[in-house]
4 protein chains.
Amino acid sequence: MPRATTRGRPRSPTGGYAPEQTRQALIDSALELFGSRGYAVTSVQEITEAAGVTKGAFYHHFESKEDLLALIHDQFLDLQLAMLREALLRDEDPAARLRELLRALLATTARYQANVTVFYLERRHLTGERFEAMRRKRDEFDRLFLQVIERGIDEGKFRGDLDARIAGLGILGMCAWVHQWYRPGGRYTAEEIADIFSEMALAGLLAERS
Amino acid sequence: MPRATTRGRPRSPTGGYAPEQTRQALIDSALELFGSRGYAVTSVQEITEAAGVTKGAFYHHFESKEDLLALIHDQFLDLQLAMLREALLRDEDPAARLRELLRALLATTARYQANVTVFYLERRHLTGERFEAMRRKRDEFDRLFLQVIERGIDEGKFRGDLDARIAGLGILGMCAWVHQWYRPGGRYTAEEIADIFSEMALAGLLAERS
Amino acid sequence: MPRATTRGRPRSPTGGYAPEQTRQALIDSALELFGSRGYAVTSVQEITEAAGVTKGAFYHHFESKEDLLALIHDQFLDLQLAMLREALLRDEDPAARLRELLRALLATTARYQANVTVFYLERRHLTGERFEAMRRKRDEFDRLFLQVIERGIDEGKFRGDLDARIAGLGILGMCAWVHQWYRPGGRYTAEEIADIFSEMALAGLLAERS
Amino acid sequence: MPRATTRGRPRSPTGGYAPEQTRQALIDSALELFGSRGYAVTSVQEITEAAGVTKGAFYHHFESKEDLLALIHDQFLDLQLAMLREALLRDEDPAARLRELLRALLATTARYQANVTVFYLERRHLTGERFEAMRRKRDEFDRLFLQVIERGIDEGKFRGDLDARIAGLGILGMCAWVHQWYRPGGRYTAEEIADIFSEMALAGLLAERS
DNA sequence: AATGAATGAGTATTCATTCAT
DNA sequence: AATGAATGAATACTCATTCAT
């Protein structure tokens, strides 16, 4: 989700229109504003002002404010799912897989902070089919994530006496919560946090405990 | 456009006004609406309609909509802090203390679901001094929570090589996230979830590991 | 439908509010504007400016612009129906009854010109249940009007070989069309026009023709 | 927001553009929409979508939305005038002439229903010179129509004691109103309705009455 | 001949809040 | 303690029209 570089310049160097830049500038501005102040209190006016285009241009590119919110969710969830699927493909043992997964997850959290915030705090403002579409993708994400635990149990590497779903949701919560307190440039990098969390989670999960 | 007004709530049995009931009805309605739909998209009109009173009554009891949001936060955080302080008072060993804490935390989550949701999703809409007041209480909560870990390390019961803050925030995240998926009447009670989480957390924290 | 006398004075002489005057001023202004320029091109802004109140006051009294249009239709149709029913009550012979009816109809047209214009030109802008409610009243009006012809035929006073419905709709058309060209203060009064129409209609309807 | 564009209409079989077809498709779409929903609430967007072309094409063919409304009026009034002039040319006696006229008038009403509706309900939305041009043609139509009555009186065939203008406007109203209730495929054809109306009108007009 | 990106003024409606009673 | 009329500013969205290509 690269930040806009062309604030307010919807015209291409050749003098003609640059619709793709206009569109991206609007997405970038909206993402930042939704993330920092919230979807409901961000006006279309503010978005277009931040993007340097007129309100008309907004509605040329998007059906509605909610439409743009849905787009932002969709792009983000596609990214998350791609990342998750990639981590699952590598043929490693369950512990290594989990470690990779948390690293990827927290790397995303660190890199796409606004997206993560919008996803956690603003998804409730999607309605109807837009909400359902988001929910389906999110459920797919959860399902794939929990599979990592389940497979570890099936392979006899993780303890079978802990409910996989509860344990998985606990680990997911650890990671999700990071966006509330993580600040780039802080004492630990996202990777280091992921490794601490992995260690904690695996201590609880690994079967070879006394 | 006359509104349907008295669902009868605010009048006392004796026929006079019942200010405390009116006030509480407003708080209850607001809490439910803020929790289910969000603070920003809930109008004072909706709150008063749900409470069965007029808009005038609202402004008789509260300075503004944000004032009511602040009140809701304040009451909830006071409750959380009291619960946390009580759990810390009992002179137990760190592991037992953590277990008690998680039980209390998740009991609150289950019992005050709307409050928890409002706290996590809507606190950003507090401004100025109201935001600061909330932040101070929340920081105090985090501080006390992390102390449990720190004291466990100081007493030599918890591993000293894991950063207490990161580990604590991880555990906090596990618990905070519960409000996203917990449904009363589900397979596990809040207490059972707390115990699973405790076991996982303690496995990661307890020093006596190989 | 008396015209507003208090343009722009929503406050009563005693200094308090005068909601009924505000409401009536809005209805009057809307009626005039809908009649002269059309419902669709009349903005709520224009209505409130003409009435001397703010937009907020408009929405305090009416749900929507269409709601006000519906109200105007309703009041007018109630008036028309009352007039029609009264004319039907008098126990006269069919010819006299028809004459009375046309007089009453054209008197209304002359007196409530804006209402008539709005009814004929703007009723299509009612939607859903509001349209159906208008349609029901209008159908009732047509039904009662056509009954006058049918009863004349049944009583053997009007020719039985002309289709009552077509003849009645023809007479109705004569009268309805008047609003297109009638100007108060013109050569003929509404009553005189009604009498000319009656004579023409009765010539066509009366059975005692060679 | 790319619109669904080419429903294929505007391209000629040879693959090039077919401007006359585009133009006609726009006129047809506009006529139908203006007739069914009204000029003011029909957007250029809707017209072009219904015609399967883009907005640019619209403004290539017409100066403005009002320009197209004027064109529709102009074409319709030319048609009506031609029809009226033809009916007047035939050297018949006044009664036969009136009968022919009503037949022609109602045949038009039945055949060009949308045009008739637009003419009666939407002409008020023409402004300035466009309105004047429409008014001139309409006045010419009325003048010619009333002449039929006047000539009947002059020739001593119609009663001289009824005001020719009022009687004529009555008859015109009968016919104009037909568009409000006529449905093709109903019990009577337009011609039959015309004959009933002629009979009624002539009964009132013919001098040889007792 | 036709496109589609963009504008800018306008629309209906909502809303937190005030205040005289 | 509570009402309800009223405000005024803001909101999402629409629309006729322009213009470079």
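Proteins come first, then strands; the chains are lettered A, B, ... in the order of their sequence lines, and each starts at number 1. In this text the structure is predicted, and so the values were computed from the model without any measurement. Quick note: numbers below take in every heavy atom, side chains included, and nothing from hydrogens, waters or symmetry partners.
- For the side chain to side chain donor-acceptor pair (under 3.5 Å) test, residues two or more places apart in sequence or in another chain that qualify with C:His125 are C:Glu122.
- In this entry the distance linking CD of B:Glu46 with P of E:dT13 reads 17 Å, nearest Å.
- The ring pair (Phe, Tyr, Trp, His ring centres under 6.0 Å) search around B:Phe58 returns B:Phe62, not counting sequence neighbours.
- The salt bridge (charged side-chain N to carboxylate O under 4.0 Å, His left out) contacts involving residues 46-59 of chain C comprise C:Arg37-C:Glu46, where partners must be two or more places apart or lie in separate chains.
- For residues 59-71 of chain B, proximity to DNA chain E is found at B:Tyr59, B:Ser64, B:Lys65, defined as any non-hydrogen atom under 4.0 angstrom from a strand atom.
- Considering only residues two or more places apart in sequence or on other chains, B:Glu32 meets the salt bridge (Lys or Arg N to Asp or Glu O under 4.0 Å) condition with none of them.
- Summarising the geometry, the separation between NZ on B:Lys55 and P on E:dT18 is reported as 13 Å, rounded to the nearest angstrom.
- B:Val118 has its side chain out of reach of B:Tyr39: every pair of non-hydrogen atoms, C-beta onward, lies at least 4.5 Å apart.
- Across B:Leu26, B:Val53, B:Ile27, B:Leu31, a single residue satisfies side chain to side chain contact (heavy atoms under 4.5 Å, CB included) together with B:Ile47, and that is B:Leu26.
- Heavy-atom distances to DNA chain F give each of C:Gly56 and D:Phe58 a nearest nucleotide, and the one nearer the 5′ end belongs to C:Gly56.
- Closest approach to the D:Pro19 side chain among E:dA1, F:dA2, E:dT7 is made by E:dA1 (side chain taken as heavy atoms from C-beta onward).
- For the side chain to side chain donor-acceptor pair (under 3.5 Å) test, no residue two or more places apart in sequence or in another chain qualifies with B:Glu63.
- What separates CZ of C:Arg23 from C1' of F:dA6 is a distance of 16 Å, to the nearest Å.
- Distance check, rounded to the nearest 0.5 Å: NE2 of D:His61 to CG of D:Leu68 gives 11.5 Å.
- The shortest distance between the side-chain N/O atoms of D:Thr22 and the OP1/OP2 oxygens of E:dA2 is below 4.0 Å.
- Each of C:Ala57 and A:Tyr39 was matched to the nucleotide of DNA chain F holding its nearest heavy atom; the match closer to the 5' end belongs to C:Ala57.
- Applying the salt bridge (Lys or Arg N to Asp or Glu O under 4.0 Å) rule to B:Arg23 yields the partners B:Glu20; only residues at least two apart in sequence or on another chain are considered.
- Partners of A:Thr127 by side chain to side chain donor-acceptor pair (under 3.5 Å), not counting sequence neighbours, listed by chain and number: A:Glu66.
- When each of C:Val41 and A:Thr54 is assigned the nucleotide of DNA chain E with its nearest heavy atom, A:Thr54 is the one assigned upstream, toward the 5' end.
- Every residue meeting the salt bridge (Lys or Arg N to Asp or Glu O under 4.0 Å) condition with A:Lys137, not counting sequence neighbours, appears here in chain and number order: A:Asp74, A:Asp78.
- Using a 4.0 Å heavy-atom cutoff across all strands shown, A:Thr42 reaches sugar-phosphate atoms only and no base atom.
- Using a 4.0 Å cutoff on non-hydrogen atoms, no part of residues 123-130 of chain A comes near DNA chain E.
- The separation between D:Gln45 atom CD and F:dT14 atom C1' is 9 Å, rounded to whole Å.
- Atom CD1 of C:Ile47 is separated from atom P of E:dT11 by 11 Å (rounded to the nearest Å).
- Remark: B:Gln24 pairs with B:Asp28 by the side chain to side chain donor-acceptor pair (under 3.5 Å) rule, at least two apart or across chains.
- You'll find that the side chain of A:Ser43 is closest to F:dA12, out of F:dA12, E:dT17, E:dC15.
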Whenever both distances are under 3.5 Å in a Watson-Crick or G-U wobble pair, mark it; put DNA chain E into dot-bracket that way, with [ ] for crossing pairs and | when the partner is on another strand. .||||||||||||||||||||
